[in-house]
Protein chains: 2
Amino acid sequence: MARNRTAEEAWEALARAQTALMRGFQEDFRGEEVSMRVYDVLYTLSRCPSGARLRDLNAHILLTQPSLSRLVERMEADGLVHRCGDPTDRRATVVRLTERGREIQRRVGRRHAAAIADRVGGALSEEELATLRALADKLRAAQEGRGSVSMTVDP
Amino acid sequence: MARNRTAEEAWEALARAQTALMRGFQEDFRGEEVSMRVYDVLYTLSRCPSGARLRDLNAHILLTQPSLSRLVERMEADGLVHRCGDPTDRRATVVRLTERGREIQRRVGRRHAAAIADRVGGALSEEELATLRALADKLRAAQEGRGSVSMTVDP
DNA sequence: CCCATTTCCATGCGTTTGCATGTAGACAAG
DNA sequence: CTTGTCTACATGCAAACGCATGGAAATGGG
């Protein structure tokens, strides 16, 4: 039971740190040409040169599928991304950065990286950062294949 | 510069872990009698027996001031909290749990604690949890007096 | 005391989100 | 080929959110 309490304390500390950091970053993003959420999509796509399907984006971004669908729709209207069908699976929608989207991601990304170096890098030593990363990775890895074990029990 | 890269990697790992965990928790909260955001307010208030002002709540909860204002308004309409003025500062609005709110916080909190023990406690050893907590605390502490994060603790 | 500034919360309004549902293609069995 | 089920997105709609702003009270000189 002491273990459970330790887990709760760790989660609460983690959530509070995340809240404080997010607040700071969101402030940085005010006055930026894209919102933090849009940047999140741009960044994710920048790591997928061949594009990504909506369902893959959705795994990385904390939005429901319909919300992400519309967010990408707006981003296409703004010329940040391009949507096209996948010949091998005609249900899929493949999203790809436009040149404009890639350029904005790079530009905003530079300032965001500086903010991370400041707010995160400025708070912990390099060794602590590495430890934090390792623990976060382990924590995330443990969440996989655990998503929806909610069996529908309705006669 | 290598330090900056380490900070970026740590932040990305942290954000991804948070996303995965939040997804799981939000799923747990489907079918619950309150949403996760409402629970967040209930939990924060459960730690402030003498009530909390909106601005203090806002320091802990990732919402803009107007959004939190309306969330609390809805929660009052649902009988979860009670709002009253502060005689020592007539601009302030003090929010307090109702008996119903406290009861629901306890009930939902028990299940949520079990989920934390499962998802977080199940992923790391007790020593790792303690390390994670220490790093998260340090990270959060470093954000104060920077963006606009002031932590006020109930006396 | 007075006026300017700041703090704390509420409200109008357009935008975004989530839930429920719809549509179309993939996939498997008969 | 047909039928049923599953998967991937899209869409209607009400609820919730953020931004800009407003009003009232506290605060800080002059």
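Each chain gets a letter, A, B and so on, in the order the sequences are listed, and its residues count up from 1.
Look at A:Arg74 and you'll find a side-chain N or O under 4.0 angstrom from OP1 or OP2 of C:dT17. Using a 4.0 Å cut-off, some side-chain N or O of A:Arg53 falls inside it from OP1 or OP2 of D:dC9. In this structure, A:Arg91 does not reach the D:dC9 phosphate: none of its side-chain N or O atoms is under 4.0 Å from OP1 or OP2. Using a 4.0 Å cut-off, some side-chain N or O of A:Thr93 falls inside it from OP1 or OP2 of D:dA10. Remark: B:Thr64 is not in phosphate contact with D:dC17, judged by side-chain N or O atoms under 4.0 Å from OP1 or OP2.
Heavy atoms of A:Gln65 sit under 4.0 angstrom from at least one base atom. In this structure, A:Ser67 reaches the bases: a heavy-atom distance under 4.0 Å links it to at least one base atom across the strands shown. The residue B:Arg70 sits close to a base: some heavy atom pair falls under 4.0 Å.
Residues B:Glu73 and A:Thr88 each lie close to DNA chain C; by heavy-atom proximity, the contact nearer the 5' end of the strand is made by B:Glu73. For the pair A:Pro66 and B:Arg37, both in contact range of DNA chain D, the more 5′-proximal nearest nucleotide belongs to A:Pro66.
Side chain of B:Ala92, nearest nucleotide from C:dC9, D:dA20, D:dA10: C:dC9.
Distance CZ (B:Arg30) to C1' (C:dT17): 14 Å, rounded to an integer number of Å. The nearest whole Å value for the distance from the CG atom in A:Asp86 to the P atom in C:dG25 is 14 Å. Between the P atom of C:dA26 and the CZ atom of A:Arg90 lies a distance of 5 Å, rounded to the nearest Å. With rounding to whole Å, B:Arg55 atom CZ is found 15 Å from D:dA25 atom C1'. Rounded to a whole Å, the CG atom of A:Leu63 is 15 Å from the C1' atom of D:dC9. As rounded to whole Å, 11 Å separates atom C1' of D:dT27 from atom CG of B:Asp89. Atom C1' of nucleotide C:dA10 and atom CD of B:Glu76 are separated by 13 Å, given to the nearest angstrom. With rounding to whole Å, A:Phe29 atom CZ is found 18 Å from D:dC19 atom C1'.
In this structure, A:Gln65 and A:Arg55 have side chains that are not in contact, with every pair of non-hydrogen atoms separated by 4.5 Å or more. Considering only heavy atoms from C-beta on, B:Leu132 comes within 4.5 Å of A:Leu139 through its side chain.
In this structure a side-chain-to-backbone donor-acceptor pair under 3.5 Å is missing from B:Thr93 to B:Gly85. Proximity of a side-chain donor or acceptor of B:Glu76 to a complementary backbone N or O of B:Arg83 within less than 3.5 Å is detected.
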> So A:Arg96 and A:Leu45, side-chain contact (heavy atoms from CB on, under 4.5 Å) or not? Walk me through it.
Replying inline: CA-CA 7 Å; A:Arg96 222 178 299 264; A:Leu45 285 175; over 6 Å; no
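We find the CZ-CG distance between A:Arg47 and A:Leu97 to be 12.5 Å, quoted to the nearest 0.5 Å. A distance of 10.0 Å separates NE2 of B:His112 from CD of B:Gln105, quoted to the nearest 0.5 Å.
By the 4.0 Å N-to-carboxylate-O rule, A:Glu8 lies close enough to A:Arg5 to be salt-bridged with it.
Contacts between residues 43-52 of chain A and DNA chain D, defined by a heavy-atom separation under 4.0 Å, are absent.
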